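These notes concern the structure reproduced below.
Just so you know, these numbers use all the heavy atoms, side chains as well, and skip hydrogens, waters and symmetry mates. Source: prediction; values computed, not measured.
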Amino acid sequence: MAKLVSNVYGDALFELAVESGRVDDFLKEAEGVIEVVKKDDGFSQMMNHPKINKEEKLQIIDEIFKGRVSDEIVGLLRMLEEKDHIKEIEGVLDYYIEKVYDYKKIGRATVSTPLELTDAQKADVEKRLLQTTEYSSFIMNYIVDPELIGGMVIRIKDRVVDSSIKTQINKLSHELSNIQLKVGECAP
């Protein structure tokens, strides 16, 4: 199976970062580039515009990023443009960031609750996550979602722990509808 573009370039950047001892530097730069790309619609429009030729796009990359990020990151951006993969810039850098977090055993968790948690509750949630995962620290993101009614939903990568009352009600409702169908099926 062919590796995704984001994985190929992200792996290469990660290997270079580890070999050169610049994992943290490249991490900060990758986060900064993603922020620029997400905030500035003009950049994406210029890089994807069919009437702007490749040389002009490479010049745009240099003008925006040279001197602000390392030559290696500028080189990566230029290579993505040269190979017609510039649309994958966020995917490549997100992949790199995930690799760094895994390498450093940093987890990213999103915790949704119906009410704002106190600092003590947040500390308890993080402590529990540290006890039940392989991570040595977490970057926590808390979201208030009143539709949950009670309980919480915790997401770490593709894992979800959902102890919300909303989900429990939905499960119970589904089970009750199955029971009603079975009763109805048995009636003459």
Can you measure from CG (D94) to CD (E88) and round to the nearest 0.5 angstrom?
11.5 Å
Nearest 0.5 angstrom please: I97 CD1 to L13 CG, how far?
9.5 Å
Hey, would you say the F65 and F43 ring centroids sit under 6.0 Å apart?
yes
Under 3.5 Å, is there a donor-acceptor pair between the D11 and Y95 side chains?
yes
What heavy-atom pair brings Y96 and G10 nearest, and what distance separates the two atoms?
CD1-O, 4.0 Å
Exercise: identify the closest heavy-atom pair between M46 and I52:
O-CD1, 3.6 Å
Under 4.5 Å between side-chain heavy atoms, counting indirect links through other Ile/Leu/Val/Met/Phe/Trp/Tyr residues: same cluster for [X] and [Y] or not?
| X | Y | result |
| --- | --- | --- |
| M79 | V37 | yes |
| L76 | L27 | yes |
| L117 | L130 | yes |
| V92 | V36 | yes |

Could you please spell out the steps behind the side-chain contact (heavy atoms from CB on, under 4.5 Å) verdict for L58 and L77?
CA-CA 9 Å; L58 292 172; L77 299 175; over 6 Å; no
Test: K99 cationic atom under 6.0 Å from F14 six-membered ring centre, within 45° of axis
yes
In chain order, what residues pass the side-chain hydrogen bond (donor to acceptor under 3.5 Å, both in side chains) check against R22, with sequence neighbours excluded?
E72
How would you list, by chain and number, every residue that makes a side-chain hydrogen bond (donor to acceptor under 3.5 Å, both in side chains) with E90, sequence neighbours excluded?
none
Do H85 and K83 pass the side-chain contact (heavy atoms from CB on, under 4.5 Å) test, and can you show the C-alpha distance, the side-chain angles, and the key distance before you say yes or no?
CA-CA 6 Å; H85 295 305; K83 303 284 186 182; 3.5 Å; yes
Check step by step if side-chain contact (heavy atoms from CB on, under 4.5 Å) holds for V69 and K28.
CA-CA 9 Å; V69 297; K28 287 177 191 160; over 6 Å; no
Between [X] and [Y], is any pair of side-chain heavy atoms under 4.5 Å apart?
| X | Y | result |
| --- | --- | --- |
| Y9 | L93 | no |
| I156 | Y135 | yes |
| N48 | S44 | yes |
| K51 | H49 | yes |
| L129 | E126 | no |
| D162 | Q168 | no |
| S137 | K105 | no |
| E81 | I89 | no |

Has [X] got more than 12 heavy atoms of other residues, nucleotides or ligands less than 6.0 Å from its [atom1]?
| X | atom1 | value |
| --- | --- | --- |
| D119 | CG | no |
| N170 | CG | yes |
| K54 | NZ | yes |

Using the rule given for salt bridge (Lys or Arg N to Asp or Glu O under 4.0 Å), can you reason through R78 versus D62, listing the C-alpha separation, both sets of side-chain angles and the distance that settles it, and then say yes or no?
CA-CA 8 Å; R78 289 179 60 88; D62 287 345; 2.8 Å; yes
Which residues pass the side-chain contact (heavy atoms from CB on, under 4.5 Å) test with K127, sequence neighbours left out?
Q131
For S173, give me all partners under side-chain contact (heavy atoms from CB on, under 4.5 Å), at least two apart in sequence or on another chain.
none
Residues 139-155 side chain polar contacts: donor-acceptor under 3.5 Å, at least two apart:
{"unit_1": "Y142", "atom_1": "OH", "unit_2": "K122", "atom_2": "O", "d": "3.2"}
{"unit_1": "D145", "atom_1": "OD1", "unit_2": "E147", "atom_2": "N", "d": "3.1"}
{"unit_1": "E147", "atom_1": "OE1", "unit_2": "K166", "atom_2": "NZ", "d": "3.3"}

Evaluation steps, side-chain contact (heavy atoms from CB on, under 4.5 Å), between I86 and K57
CA-CA 10 Å; I86 197 67; K57 290 177 182 179; 5.9 Å; no
Has the side chain of R68 got a donor or acceptor atom that lies under 3.5 Å from a matching backbone atom of E63?
yes
Determine yes or no for a side-chain-to-main-chain donor-acceptor pair under 3.5 angstrom, with E56 supplying the side chain and N53 the backbone.
yes
Which pairs would a plain distance check flag for residues 106-115, meaning a side-chain donor or acceptor within less than 3.5 Å of a matching protein atom at least two apart in sequence or in another chain?
{"unit_1": "R108", "atom_1": "NE", "unit_2": "E98", "atom_2": "OE2", "d": "3.1"}
{"unit_1": "R108", "atom_1": "NH2", "unit_2": "E98", "atom_2": "OE2", "d": "2.1"}
{"unit_1": "T113", "atom_1": "OG1", "unit_2": "L115", "atom_2": "O", "d": "2.7"}

